Trainee: 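This is the structure I want to talk about, given as structure tokens.
Every chain is numbered from 1 and lettered A, B, ... according to where its sequence line falls, protein lines coming before strand lines. Since we're looking at a predicted model, the values are computed, not measured.
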Amino acid sequence: MSKNWPLWEVFIRSRNGLHHSHVGSVHAVDAEMAVENARDVYTRRGEGVSIWVVPSAEIVASDPRDKASLFEPALDKVYRHPTFYEIPDEVGNI
Amino acid sequence: MKSATSNVRVPSVDVLADGCLILSHRLSEWMSNAATMEEDVALGNIALDLLGQARGLLQTLGDEDQLAYFREPQEFRNPVICELPNGDFAVTMLRQLFVDAWLSLVWPALAATTDDERVRGVAEKAIKENAYHLRHSSAWVSRLGDGTEESHRRMVGAMDALWSYRGDIASDAWYDVTEPVLSEATLTMPPRDAWTQRSSADGWHSEHLGYLLAEMQSLARAHPGAQW
């Protein structure tokens, strides 16, 4: 039966987290059940305060074969990293 | 809240403790057998919530292990519906709805009336846990009742199997909680005055409780005082 149930990607915002993070996936027949299943599977130990679920089929992913052209050009461009100046502590999270 | 609790019979603590304990054990029998891993975990969560509630209450009555593992069937006071076999998933979920609906009325009433601070602590924690249980069982009952031809047929079968076991838990408020769910599930609620089973208040049980206890108590009886 589970083979026929669509897959949903689950994102949880942790207690002190600033954003939702991908934690895994669940099977469910609809969005409501997906939220409940995500609650049962991924927040059993008090991990989260908010849940997002997204149909896995709706996620558009980059093609692994494009890895070289998409990501490797960034590897040797150290000047893109903000490591050449100091950030005052008062700024906090950026 | 007030109107919901006003006609609710608050059961004695042993009825509630045993009800949670026995239903928890029944749900634990689904482990590794549910249709999906997600539902397996959901049933396990609910079973553990019920076990926690049972333990909290048993501890107010005496030695929890002694009470859980060394009493005979006729000494248990759980509502009979809690000990009925799981049947198919439809039976399990309708039984769960019936008991969850009962507990949704009982916990607030108990929290409001008990003189025992420990019991009130258990009840107040259980209110939140129960709200989720009731949501889960209600969702499944309406999904299956208003689902496919086969799921509807199975829910009707579950109703036939369980309706006569509502006696220990039904009240006007209970019918008010369950009726909208059954209606959404396109299930016909049988008559309120239909025959119902003898109460378990005096220790009467179905034959199923003995088998359940034989399994649940076997380890503790074979190795009294065993520790992890």
Trainee: Counting only heavy atoms not in B/R55, do more than 12 fall under 6.0 Å of its CZ?
Mentor: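 Counting neighbours around CZ of B/R55, 12 or fewer heavy atoms of other residues, nucleotides or ligands fall under 6.0 Å, so no.
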Trainee: Looking at B/Y69, I'd like to know if its OH atom is crowded, meaning that more than 12 non-hydrogen atoms belonging to other residues, nucleotides or ligands lie closer than 6.0 Å.
Mentor: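 Atom OH in B/Y69 is not packed in, count stays at 12 or less.
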Trainee: Drop me the distance from A/D40's CG to B/I46's CD1, to the nearest 0.5 angstrom.
Mentor: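 Those atoms lie 6.5 Å apart.
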Trainee: Tell me, yes or no, whether the heavy-atom count around B/R192 atom CZ, taken from other residues, nucleotides or ligands under 6.0 Å, exceeds 12.
Mentor: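 Yes, enclosed.
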Trainee: In this structure, are over 12 heavy atoms from other groups packed under 6.0 Å from A/K77 atom NZ?
Mentor: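 Atom NZ in A/K77 is crowded, with more than 12 foreign heavy atoms closer than 6.0 Å.
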Trainee: Would you mind checking which part of B/L48 comes under 4.5 Å of any heavy atom in chain A, side chain (CB onward), backbone (N, CA, C, O), both or neither?
Mentor: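 Only the side chain of B/L48 comes within 4.5 Å of chain A.
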Trainee: Using the side chain to side chain contact (heavy atoms under 4.5 Å, CB included) definition, which of the options A/M33, A/R39, A/E36 pairs with B/H136?
Mentor: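 Exactly one pass, corresponding to A/E36.
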Trainee: Supply the atom-to-atom distance B/N45 CG to A/T43 OG1, rounded to the nearest 0.5 angstrom.
Mentor: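 Spacing of CG (B/N45) from OG1 (A/T43) equals 8.0 Å.
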Trainee: Decide if atom OH of B/Y175 counts as having more than 12 heavy atoms of other residues, nucleotides or ligands within a radius under 6.0 Å.
Mentor: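 Enclosed.
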Trainee: Kindly determine whether B/M37 and A/V41 satisfy side-chain contact (heavy atoms from CB on, under 4.5 Å), including the steps that lead there.
Mentor: CA-CA 9 Å; B/M37 278 168 55; A/V41 175; over 6 Å; no
Trainee: Give a yes or no answer on whether the side chain of B/E38 reaches the backbone of A/V26 with a donor-acceptor pair at less than 3.5 Å.
Mentor: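 Side chain of B/E38 to backbone of A/V26: no pair is present.
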